[in-house]
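In what follows, a structure is listed as structure tokens, so that the remarks can point back to it.
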2 protein chains.
Amino acid sequence: MKDRLTERQNEGYEFIRSHMRRERRPPTLREIGEALGIRSTNGVSKLLDVLEEKGYVEREPHAARGLRLVEEERAPLASGGGAPDLPLVSRTPSDQPDELRRRPRSYLAVDPRFLRKADDPRACLLARAGDDGMSSDGIRKGDLLVVEEQRANALDNGDMAAFLVGEELRARRFYYANGTMHLRSADSHYTEETYPPGAAGCHPVGRVLGLFRTF
Amino acid sequence: MKDRLTERQNEGYEFIRSHMRRERRPPTLREIGEALGIRSTNGVSKLLDVLEEKGYVEREPHAARGLRLVEEERAPLASGGGAPDLPLVSRTPSDQPDELRRRPRSYLAVDPRFLRKADDPRACLLARAGDDGMSSDGIRKGDLLVVEEQRANALDNGDMAAFLVGEELRARRFYYANGTMHLRSADSHYTEETYPPGAAGCHPVGRVLGLFRTF
DNA sequence: GCCTTGGGTGAAAACATGTTCACCACCAGA
DNA sequence: TCTGGTGGTGAACATGTTTTCACCCAAGGC
């Protein structure tokens, strides 16, 4: 699978590796050439062709610095490849749910173990709870909710779910009965809300898998 | 030194950060523009000018992908800006607090932003709350607490702190008065506990910085 | 002698990427 | 009312970077 490298090829590979650690980006052909004493970018390009054939690097055609080390890709954790980034969504009005993943406020690394209940980790996102309606269930305003996006009909009665109501994100228990969605709060100060499916004022985002809070 | 960013500027910064983690190389102006919905490379360039002025990034003129994150430069480990792993400690008796970091049950990746209030991220660990004494404050039995190890005399009155009591880990408000430690619960069903410093039955672990919960 | 492989040179062409210039709109504060 | 900061558009331009093409040399195997 992975052929052995000649001495010269290994020099090239090692330079690329060290360059990526130092600079946090791949070298250009010229940079490689300069380091190895190769005056022609074509000479370098051929060297990379060999490294690619032998399975040590991958190249993205025509891209500047379009070089990746195969080894580091798979590195389980060696360099932080382990935890996927989830987008922390910014405030979104409930009548424009498509905006949810646009312009995320930031990305946070989340250990895959927190997503083990998700059908699809890529459907997961982070959103801030906008009210205290579930504080009796231990969810407080400002908590970061881990939400797996789901359509309402994929939710089961009693699921902890997240909804956009106006511009606010609310965690509630979800119930579906008599053709309406019921959003049940855990807090007696909050009343149960009901919406017809597809109501502009309330968009079901998905199931709540977990939460993060900082003090 | 480091000025605050506007929301829009933060979107740009966060995209760059996440792109570098995913791709192991900085984005081009056009890649940034595409992600943020900016059609002119000049618009992106001006955004980067601001990020540079405010001390978040550095630019290498004329270089392709000539972008570096100031923050990640100083990152202690070569983990490429990846999330550090915190040990999830296993059950430890309060009279053997040194065992706390021995044989951790597992390690979980935790985004550095969850540790921003820590003096020393390496002093942080994860532990499961063993009772419901703080449920009125939103901490429930089984929650994963992010704890920065600290000696009791580094704690301030009113801090949310973690204690080993017997073999159980408890979150409580910490108060020190009249030569005794007071562990105040948020829940009226629990009574306040007091211990002399150094009591074998109660070992202060540190300050609680945050919590993780999965449903 | 002839072919293959590894390892090149040099230059032009094609494409990717950053820079500059002219211009626009909104908003908050002096 | 003016000014400066923020956040852009669009196009031309200059530079960086990779590709392609033609050609070279030495060593080893047949």
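What you see is a predicted model; the values in this text were computed from it and never measured. Below, chain A is the first sequence line, B the second, and so on; all start at residue 1. Just the heavy atoms: all of them, side chains too, but no hydrogens, waters or symmetry mates, feed the values below.
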Could you tell me which residues satisfy side-chain contact (heavy atoms from CB on, under 4.5 Å) with A:Glu168, sequence neighbours excluded, listed by chain and number? A:Asp131, A:Arg170
Gap between atoms NZ and P, on B:Lys54 and D:dG5 respectively (whole Å): 11 Å
If you pin B:Ala63 and B:Leu47 to their nearest nucleotides in DNA chain D, which one's is more 5'? B:Leu47
Could you state the CD-P distance from B:Glu52 to C:dG18, rounded to the nearest angstrom? 13 Å
Aromatic rings B:Phe174 and B:Phe163: how do their planes relate, parallel, tilted or perpendicular, breaks at 30° and 60°? parallel
In chain order, what residues pass the side-chain contact (heavy atoms from CB on, under 4.5 Å) check against B:Asp132, with sequence neighbours excluded? B:Ser135, B:Arg140, B:Lys141, B:Tyr190
Note: for A:Glu60 and B:His62 on DNA chain D, the residue whose nearest nucleotide lies more 5' is B:His62
D:dG7 phosphate, OP1 or OP2: any side-chain N/O from B:Arg8 under 4.0 angstrom? no
When rounded to whole Å, the CG to P distance for the pair B:Asp49 and D:dT6 reads 11 Å
Answer with base, sugar-phosphate or nothing: what part of the nucleic acid does A:Ile38 contact at a heavy-atom distance below 4.0 Å? sugar-phosphate
Once you apply a heavy-atom cut-off of 4.0 Å, does B:Thr28 come out as touching a base, just sugar-phosphate, or nothing? sugar-phosphate
Aromatic B:Tyr175 / basic B:Arg184 pairing, under 6.0 angstrom, 45° off normal: yes
Which whole-number value in Å describes the distance from A:Tyr13 OH to C:dG6 C1'? 20 Å
Please determine, for the side chain of A:Thr6, which listed nucleotide (C:dG8, C:dG6, D:dG16) has the closest atom? C:dG6
Polar atoms only, N or O, under 3.5 Å: list the protein pairs with nucleotides 21-28 of chain C and their distances.
{"from": "C:dC21", "atom 1": "N4", "to": "B:Asn42", "atom 2": "ND2", "distance (Å)": "2.7"}
{"from": "C:dA22", "atom 1": "N6", "to": "B:Asn42", "atom 2": "ND2", "distance (Å)": "3.4"}

At under 4.0 Å, does any side-chain N or O of A:Gln9 touch on OP1 or OP2 of C:dG6? no
Taken to the nearest whole Å, CD1/B:Ile32 to C1'/C:dT17 is 12 Å
In terms of heavy-atom contacts, does CD of A:Glu167 have more than 12 from other residues, nucleotides or ligands at under 6.0 Å? yes
Could you check, using the six-membered ring where one of them is a Trp, whether A:Phe212 and A:Phe114 have ring centers closer than 6.0 angstrom? yes
Partners passing side-chain contact (heavy atoms from CB on, under 4.5 Å) against A:Asn153 (at least two apart in sequence or in another chain): A:Arg151
Between the CZ atom in A:Arg68 and the CD atom in B:Glu23, the distance rounded to the nearest 0.5 Å is 6.0 Å
Separation of A:Leu48 atom CG from C:dG8 atom P, in whole Å? 12 Å
Under 3.5 Å donor-acceptor pair, A:Ser40 side-chain atoms to C:dG8 base atoms: no
D:dT17 C1' sits how many Å from A:Leu67 CG, rounded? 13 Å
Spacing of B:Arg65 atom CZ relative to D:dT17 atom P, expressed in whole Å: 11 Å
Interface polar pairs with nucleotides 12-14 of chain D, N/O, under 3.5 angstrom:
none

Tell me whether the side-chain N/O atoms of B:Arg59 come closer than 4.0 Å to OP1 or OP2 in C:dT19. yes
First encountered from the 5' end of DNA chain C, between A:Arg39 and A:Val50: A:Val50
Quick one: sort the B:Phe15 and B:His19 rings into parallel, tilted or perpendicular, breaks at 30° and 60°. tilted
B:Arg113: which residues meet the side-chain hydrogen bond (donor to acceptor under 3.5 Å, both in side chains) condition with it, sequence neighbours left out? B:Glu14
